[in-house]
Asker: 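Okay, handing you the structure first.
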Amino acid sequence: RPDVLLETLQIAARAFRTVHFVPGNHDLWVRGGGGGGGGTSIDRLLEIEATCARLGVCTAPALAAGAIVVPILSWHHPSWDTEPDISGWRGIPPVERCLMDYHM
């Protein structure tokens, strides 16, 4: 939800000198080819980056306390998972029961 993300980033930006943020797949979900305002996941990414820029939240590679922070943006598609399923290990539920990614 964009409103929750905005509020979270605002709180973090007020509380800390430097805030780094990398959107995850849930931040970029849109339903039916367009979220609340329409558009795609790329549109959503651009909105988030603009919000971060406005709040002074870093989304680019940066040096922080001697460490290099490198955001990695990536997408996932189930067809890219070509490894065989894990067998012989009981108690692992199917991915469809654990992740919303396949229900949207």
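Every value quoted in this text rests on a predicted model; they were computed, and no experiment measured them. Numbering starts at 1 and runs along the sequence shown.
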Asker: Transitively linked via ILVMFWY side-chain contacts under 4.5 Å: Val69 with Leu9?
Answerer: no

Asker: Let me know which of Leu5, Ile11, Val4 forms a side-chain contact (heavy atoms from CB on, under 4.5 Å) with Glu7.
Answerer: Ile11

Asker: Count I, L, V, M, F, W, Y as connected when their side-chain heavy atoms are under 4.5 Å apart, and connections chain through other members. Are Ile42 and Val22 then in the same cluster?
Answerer: yes

Asker: For atom CH2 of Trp80, decide whether the heavy atoms of other residues, nucleotides or ligands shown that lie under 6.0 angstrom number more than 12.
Answerer: yes

Asker: Please report the closest heavy-atom contact between Leu28 and Pro23, naming both atoms and the distance.
Answerer: CD2-CB, 4.1 Å

Asker: Should Pro61 and Pro71 count as side-chain neighbours, where that means a heavy-atom distance under 4.5 Å?
Answerer: yes

Asker: For the side-chain contact (heavy atoms from CB on, under 4.5 Å) test, which of Thr40, Leu73, Asp27, Thr59 pairs with Leu45?
Answerer: Leu73

Asker: Quick one: closest heavy-atom pair of Arg54 and Leu6, and the distance?
Answerer: NH2-CD1, 4.4 Å

Asker: Could you tell me the separation between the CG atom of Leu46 and the OG1 atom of Thr51, rounded to the nearest 0.5 Å?
Answerer: 11.0 Å

Asker: Are more than 12 heavy atoms, taken from residues, nucleotides or ligands other than Leu63, located less than 6.0 Å from that residue's CG atom?
Answerer: yes

